[in-house]
Amino acid sequence: MADIAEIKALAQELCLMNIATGRIDLTDEKTSNQDYLLNILRQETELRRKKKADALKKASRLPKKIFDTAKVSSGLRWQLEEISKLDFRNETIRIVIVGECATGKTALAAKIAGDAIVGGCPAVYTTEDDLLVASRRQKGHWNKLLHSDLIVLDDLFYMTPSEENLRLLYKAVMFLCETRSMIFVTNRPLSEWDSMCADRHTAVSFRQRIMTDAQLIHLG
């Protein structure tokens, strides 16, 4: 019979740490060699995926909010099912979630991003204010945004931005969404963006650019 200690030692050398540390049971020999090896490798792969997903979720800063899918309309349920099939890592996908306060916008964005993280997609949550600060400093949180494949931008146009902040926000968002997916969360109807800003041209361009090929979700 093979020596379990030697197997664990070899597994450690090959960086198969779930086998090496005993998280995977090596004593179940009721199946054929091929099935047994396949089962072990599947367990190793699944444990690695979970560990990676846990690390990505911790780094994402996603709010710990739960979105109740049981209460959504059949149309929205279908839309969310289609969104769950999207590849946020290899496509530049845009989703705009609009609704009044306390309608679950942030929770829904967190759910979509959380599901993407389970699939191995690096995602980061930020607010408009945090993005403005990060884009000025060009370090720390900004670097996390650059290394993500999906960004959730919350509180967009919650308050009327100054002309300087609007232009900075426009530049930062246009730069980020060129090569990564983004979820925009706002409680301000899109039709009001133009009139709330002194720089109407930039506000119109901002709205048009993020809405190009975007999926729109209305809550409330």
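In this text the structure is predicted, and so the values were computed from the model without any measurement.
Residues meeting the salt bridge (charged side-chain N to carboxylate O under 4.0 Å, His left out) test with Arg137, sequence neighbours left out: none. In terms of the side-chain hydrogen bond (donor to acceptor under 3.5 Å, both in side chains) criterion, residue partners of Lys85 (sequence neighbours excluded) are, by chain and number, Glu82. Applying the salt bridge (charged side-chain N to carboxylate O under 4.0 Å, His left out) rule to Arg167 yields the partners Glu163, Asp199; only residues at least two apart in sequence or on another chain are considered. Taking the side-chain hydrogen bond (donor to acceptor under 3.5 Å, both in side chains) definition, one finds that Thr45 meets it with nothing, sequence neighbours left out. With sequence neighbours excluded, no residue forms a salt bridge (charged side-chain N to carboxylate O under 4.0 Å, His left out) with Lys144. Here Arg77 pairs with nothing under the salt bridge (charged side-chain N to carboxylate O under 4.0 Å, His left out) rule; sequence neighbours left out. Remark: Gln138 engages Trp142 in a side-chain hydrogen bond (donor to acceptor under 3.5 Å, both in side chains) (not counting sequence neighbours).
Pairs of residues two or more places apart, or lying in two chains, that qualify as ring pair (Phe, Tyr, Trp, His ring centres under 6.0 Å) and include a residue from residues 150-191 are Phe157-Trp193, Phe157-Phe206. Residues in residues 97-111 take part in these salt bridge (Lys or Arg N to Asp or Glu O under 4.0 Å) pairs, two or more places apart or across chains: Lys111-Asp115. Every pair passing salt bridge (Lys or Arg N to Asp or Glu O under 4.0 Å) that includes a residue from residues 119-133 is listed here, sequence neighbours excluded: Arg61-Asp130. Applying the ring pair (Phe, Tyr, Trp, His ring centres under 6.0 Å) test to every pair with at least one member in residues 77-127, sequence neighbours left out, gives no pairs at all.
Side-chain contact, Asp154 with Thr106: a donor N or O sits under 3.5 Å from an acceptor N or O.
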Distance-only donor-acceptor hits, side chain of residues 213-220, under 3.5 Å, sequence neighbours excluded:
| unit_1 | atom_1 | unit_2 | atom_2 | d |
| --- | --- | --- | --- | --- |
| Gln215 | OE1 | Gln79 | NE2 | 3.4 |

